[in-house]
2 protein chains.
Amino acid sequence: MHESARGRKSKLSVNKPPTLADVARLAGVSVPTASRALNGGVRGKDSGSPELRLRVLDAADALGYAVNPAAQTTKGGRARTVALLVSDIEDFGSATIISGVMHAAEKRGVSVAVRTTLDDPLREIKLLSALRGERHRAVVIATARTTDAHREQALEAQLRTLDEHGTRVVIVGDSDLDFPAVTVDNHESSRLLADALARSGKRRFAILAAPPIEITSRDRVHGFLQGLAEHDIAVPESNVVHQAFSRDGGYAAIDELGDRIRELDVIAAMSDAMAVGAIARLRELGIESPRDLEVTGFDHVPMLGDVLPRFSTVEVPLEAFGEAALSLALDEGLSDPSARIALYGTPIVHGEPIVR
Amino acid sequence: MHESARGRKSKLSVNKPPTLADVARLAGVSVPTASRALNGGVRGKDSGSPELRLRVLDAADALGYAVNPAAQTTKGGRARTVALLVSDIEDFGSATIISGVMHAAEKRGVSVAVRTTLDDPLREIKLLSALRGERHRAVVIATARTTDAHREQALEAQLRTLDEHGTRVVIVGDSDLDFPAVTVDNHESSRLLADALARSGKRRFAILAAPPIEITSRDRVHGFLQGLAEHDIAVPESNVVHQAFSRDGGYAAIDELGDRIRELDVIAAMSDAMAVGAIARLRELGIESPRDLEVTGFDHVPMLGDVLPRFSTVEVPLEAFGEAALSLALDEGLSDPSARIALYGTPIVHGEPIVR
DNA sequence: CCCTTTAAGGATAGCGTTATCCGACTGCAA
DNA sequence: TTGCAGTCGGATAACGCTATCCTTAAAGGG
């Protein structure tokens, strides 16, 4: 029957990976014993006689055995896995958070399943629904949180279910959701950035922000405005422009500002990505950033520090976000919904970090 | 015992996610029938009476059922999953390839497991060994390939085993490994870049490259040198500097060049990351890139095009890499080890793409 | 009206693990 | 010698799912 399949050389035949049963057979022990030998044994501390243990290890090695995590999950009801939800891997911030989570995950021997929502709330819900079936140890939500009550409630319902099913939930960023969260002081570090800019003599500002429902952007705007207000600087309503929180949004925002650009000292973008888009559009209009007016950002994409030497921004410890999130996700005693890990941004003004 | 755990509201109790058995019970059918109803049925085309099918779907919906992929994998012996090996997610190239693979994977209903090797060959082998147990449909290798025979053979052995066990193997980039691969014409597009630079009057070049064993960098260097040779331009051996293929490598390379910098028209970095590091170091030395000499790159990080307007580089279709790799990994008829998908780079000289 | 074909849903088995239970053996004190 | 606690390895079961087989019933032809 399978004669034809295993016909010629062994190259074409699809033989199966070795299973624990193969290892056990080779070592001359039972399957559960082989399992105990490989896993260090749940029984007290030991796992059978050392001699036998060695025989199993040798057999596993000889066969090139690798445990099948799917079977482990089926049996144990829980995967050694953390799911991570981001909007888009290509986004700098997401990529850095992913990196942080993965580094921390490796140390703990869990692997990370990255899923992208592409900023689609519906897709986000569907993904979370699918995650329910995957029995992850935890889910880390690192997508943008909003003030849209309807949307957040739908999200919360999904997360609540996951939590009840034993998958820990962690939120990255500020939100009203009642789950453990990692936050950064967007408001305060933005205020400090504005303060420093005001001190350096800047007076006329425009702000490039995400749509008002995005909490991160909103907090940064508020902090920035407050920092300016402390220097008696007001920003006209029309100088606060809301566009997509991306390179293209920054580009479009410049056009929305129109002629008001000529009367500005600073265009403060609430993300580095927006700042880059703004710089690109300004250059097309013949306006150079540090020369004619100053464009500032937020996030601190390291590459920009190299090519825009006196660029001002706020360094957000995104890599640390990832590690903190995983700590909340996996460490016992931090499962309280009110658990918070607060991190701090570092304003960088004209290339120099501001030490607090 | 767990009285205290399930004490108060149901909030604290960990109930289990619904299984297919729960759905079947609610719908009043057997478990296999529920499975058939949900999966469209393998039997010919149908899956039971439409009335019953609807009942099952309703029940699943009511319970918020999501299939458990681990159980599916255990049963079927194969996961609906593709593993993707990169060196580092934070690296721009890797992030873009991941994005391409994920987008393509979503269309095909498979999910992607990203693993990072952190440029450690040992870790790479260990990871591949673990992947054997995970029964992925395919593995895409997007780490740097080298000319180190020992290292490549160890890799090939691992990949061969995976292949024999039914996990398709796809390589991203040039290599001597006998597996389906996605390639880009590094040599030719590098030659075209050099040609264009020579035509614009540049004569004195230095080259910043990765260590010679890295195939991608090597091909780009060769192409570049050939392009220059066609204009009777020779690059002294000492002007070809080998450092890490990263921002820091570019930075260090400038110091290695030392005083020879003063006599150069172009410093051609074989990656955008190296170019950025070089630009940073040059600025510290008081040398500005487009003004005093020209630094060029390779890869086309979009952000650089915005902030360095007349930057020269080669656009590598990394997103397309991902899609092509997934096509080789999943489409039947492309499993031949000699299958190749060849993609083309687009030189961008002083901000303008060169149309071939 | 009986036999045959087809369809449809249920029963069963098995994927690779590991937790739980059980039996056998060891060693030691009574 | 008997009794008993303590070890250690094997047998068994179960996780959730789907492929395979089997039973039952309905439909259709002679």
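By convention in this document, chain letters (A, B, ...) are assigned in the order of the sequence lines, proteins followed by strands, and residues within each chain are numbered from 1.
The base of D:dG10 sits within donor-acceptor range of the side chain of A:R36, with an N or O pair under 3.5 Å.
Side chains of B:T96 and B:S99: no donor on one and acceptor on the other come within 3.5 Å. A:T146 and A:E152 form a side-chain donor-acceptor contact under 3.5 Å, judged by distance and modelled atom types alone. Neither side chain, A:T117 nor A:R115, offers a donor N or O lying under 3.5 Å from an acceptor on the other. B:S338 and B:R340 share no side-chain donor-acceptor pair at under 3.5 Å.
Note on A:Q72: a side-chain N or O is less than 4.0 Å away from OP1 or OP2 of C:dT18. Between B:Y65 and the phosphate of D:dC17, there is a side-chain N or O to OP1/OP2 separation shorter than 4.0 Å. The shortest distance between the side-chain N/O atoms of B:S35 and the OP1/OP2 oxygens of D:dT18 is below 4.0 Å. Side-chain N/O atoms of A:T74 include none lying less than 4.0 angstrom from OP1 or OP2 on D:dG16. Dashed line: the shortest gap from a side-chain N or O of A:N39 to OP1 or OP2 of C:dT18 is under 4.0 Å.
Going from atom CZ of A:R53 over to atom C1' of D:dC8 covers 15 Å, rounded to whole Å. A straight line from CG of B:L20 to P of D:dT18 spans 6 Å, rounded to a whole angstrom. Remark: C1' of C:dA8 and CD of B:E51 are 13 Å apart, rounded to the nearest angstrom. Here the C1' atom of nucleotide D:dC17 and the NZ atom of B:K16 are 14 Å apart, to the nearest Å. Atom NZ of B:K75 and atom P of C:dC15 are 9 Å apart (whole Å). Rounded to an integer number of Å, the gap from CZ of B:R80 to P of D:dC17 is 15 Å. Atom CG of A:N68 and atom C1' of D:dG16 are 14 Å apart (whole Å). Atom-to-atom, CZ of B:R25 to C1' of C:dG10 comes out at 16 Å; the value is rounded to the nearest Å.
Residue-level contact check: A:V29 touches the backbone only, with heavy atoms under 4.0 Å from sugar-phosphate atoms and none from bases.
Of all non-hydrogen atoms in B:V140 and B:A325, the two that sit nearest each other are CG1-CB, 3.9 Å.
Between A:A66 and B:A34, the residue anchored closer to the 5' end of DNA chain C is B:A34, taking for each the nucleotide with the nearest heavy atom. In terms of position along DNA chain C, the nucleotide closest to B:S30 lies nearer the 5' end than the nucleotide closest to the other residue of the pair B:S30 and B:A71.
Of the candidates C:dT17, C:dT12, D:dG16, D:dG16 carries the atom nearest the A:R135 side chain, counting heavy atoms from C-beta on.
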